[in-house]
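Remarks on the structure that follows.
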Amino acid sequence: MRYKDKVVLITGSGSGIGKAAALAFSKEGGKIIVSDINEKNGLKTVSEIINNNGEATFFKADVSNFDMVNKLMDFIVQKYGKLDVAINNAGVGGDFAKITDLSIESWDNTMSVNSSGVFYCIKNQIPIMLKQGKGVILNTSSIAGIRGLPYATAYSASKHAVIGITKTAAMEYAKNNIRINAICPVFTISPMFDPVAMDKLKEGISDKLKANVPMKRFANVMEQVHTMLWLCSDEASFITGQAISVDGGLTA
């Protein structure tokens, strides 16, 4: 029960890694704020948590909209009076295309959600944590934030930005007892990364991606979530400003 009575916000927790994290943090005693742009999925996550005797509430938010993010943080403060852990996980994959074929609309949307969304969240979360004297923030980046990823220019650029934001903010607020890190997952089986759907876009691409991973397989969501549980806990109390790869050795 590492998170007993701690207030935990997880954006993008209607599905995939975010949903799995919401369920896992709840099992360890956290009071979960489920936030997602998809209200139906978000409410399903809340329902599952409550059915497992956990505590959760839902707040619909598009992280690319600063006003909505601001209202989300106001809601948390009004309801709980604090924010112990903030996991900025909401993101989009963007279009799978070469840079010359990538539309401006796709670029703008991917950067807006993945990069500006993290900035908007941290900008609103840090004042809450400064007031309470401590806090933990974890941002979801990607191995594409550490290296290039062909056919994913916008996604890779946006996830590089997440790491830059993470490292800079961590240095600025380390003295205030606020830890800020990023997790960098490899291809993880989830609604955002479906090998079958990938192969429909480009035949054989999933096997090629898997072959590049030294462990010769894709990750499952819990392999990412277990790292998140540790990074946000007191067990990782001296770790800040880091981009932790959970990638089966891909970036080694």
Side-chain angles (χ1 to χ4, degrees), residues 1-36 41-59 61 63 69 72-90 118 121-122 124-141 166 169-170 173-174 176-185 188 190 220-242 244 246:
M1 299 294 283
R2 287 176 287 185
Y3 296 95
K4 182 174 173 58
D5 297 326
K6 289 191 176 183
V7 177
V8 180
L9 164 67
I10 306 176
T11 67
S13 45
S15 63
I17 294 172
K19 178 177 182 177
L23 294 170
F25 276 81
S26 173
K27 286 181 180 177
E28 293 214 21
K31 299 178 180 179
I32 312 300
I33 297 96
V34 174
S35 184
D36 202 284
N41 286 350
L43 289 173
K44 282 184 179 179
T45 301
V46 169
S47 180
E48 287 187 38
I49 290 172
I50 292 173
N51 288 339
N52 284 296
N53 299 313
E55 180 177 341
T57 54
F58 175 74
F59 193 96
V63 295
V69 171
L72 167 61
M73 302 309 160
D74 286 345
F75 167 79
I76 294 169
V77 171
Q78 290 169 9
K79 184 171 180 63
Y80 293 106
K82 65 173 185 172
L83 176 60
D84 298 296
V85 177
I87 300 177
N88 300 316
N89 170 76
V118 168
C121 285
I122 291 179
N124 280 281
Q125 291 157 358
I126 285 177
I128 300 171
M129 294 178 176
L130 284 173
K131 188 174 181 179
Q132 64 198 27
K134 61 180 179 179
V136 176
I137 296 173
L138 179 62
N139 303 315
T140 299
S141 181
T166 298
Y173 294 97
N176 301 108
N177 203 24
I178 298 173
R179 294 193 301 109
I180 306 171
N181 291 295
I183 186 173
C184 301
T188 302
S190 66
N220 66 65
V221 291
M222 289 312 299
E223 288 174 312
Q224 306 301 337
V225 170
H226 286 311
T227 304
M228 297 166 85
L229 286 165
W230 172 69
L231 271 176
C232 293
S233 75
D234 291 340
E235 295 167 7
S237 59
F238 203 56
I239 298 175
T240 195
Q242 301 304 304
I244 306 296
V246 186

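Keep in mind it's a predicted model, so treat the numbers as computed, not measured.
Nearest heavy-atom pair across Gln224 and Ile183 is O-CD1, 3.5 Å. The two atoms that bring Gln242 and Asn181 nearest to each other are N-OD1, 2.9 Å, heavy atoms only.
Shown here are the side chain to side chain donor-acceptor pair (under 3.5 Å) partners of Glu223, two or more places apart in sequence or in another chain: Arg217, Asn220. Checked against salt bridge (Lys or Arg N to Asp or Glu O under 4.0 Å), Lys19 has the following partners two or more places apart in sequence or in another chain: Glu48. Under the rule for a salt bridge (Lys or Arg N to Asp or Glu O under 4.0 Å), the partners of Lys82 that lie at least two apart in sequence or sit in another chain are Asp84. With sequence neighbours left out, the ring pair (Phe, Tyr, Trp, His ring centres under 6.0 Å) criterion links Tyr3 to Phe25. Applying the salt bridge (Lys or Arg N to Asp or Glu O under 4.0 Å) test to Glu55 and every residue at least two apart in sequence or in another chain returns nothing.
A heavy-atom distance below 4.5 Å is not found between the side chains of Ile126 and Asn176. Between Leu130 and Tyr173 there is a side-chain heavy-atom pair separated by less than 4.5 Å. Side-chain contact check for Thr45 versus Asp36: every heavy-atom pair is 4.5 Å or farther apart.
Taking CD1 of Ile244 as the start and OG1 of Thr227 as the end, the distance is 8.5 Å to the nearest 0.5 Å.
Judged purely by atom type and a 3.5 angstrom limit, Thr57 has no side-chain atom pairing as donor or acceptor with the backbone of Ile33. Here the side chain of Ser47 pairs no donor or acceptor atom with the backbone of Lys44 at under 3.5 angstrom. Side chain of Thr11 to backbone of Ala90: a donor-acceptor contact under 3.5 angstrom is found. Judged by distance alone, the side chain of Arg2 and the main-chain N or O of Cys232 form no donor-acceptor pair under 3.5 Å.
For residues 132-141, every residue pair satisfying the side chain to side chain donor-acceptor pair (under 3.5 Å) rule, not counting sequence neighbours, is listed here: Asn88-Asn139, Asn89-Thr140, Asn139-Thr166.
For the side chain to side chain contact (heavy atoms under 4.5 Å, CB included) criterion with Val46, the lone passing option out of Asn51, Ile32, Val34, Asn41 is Val34.
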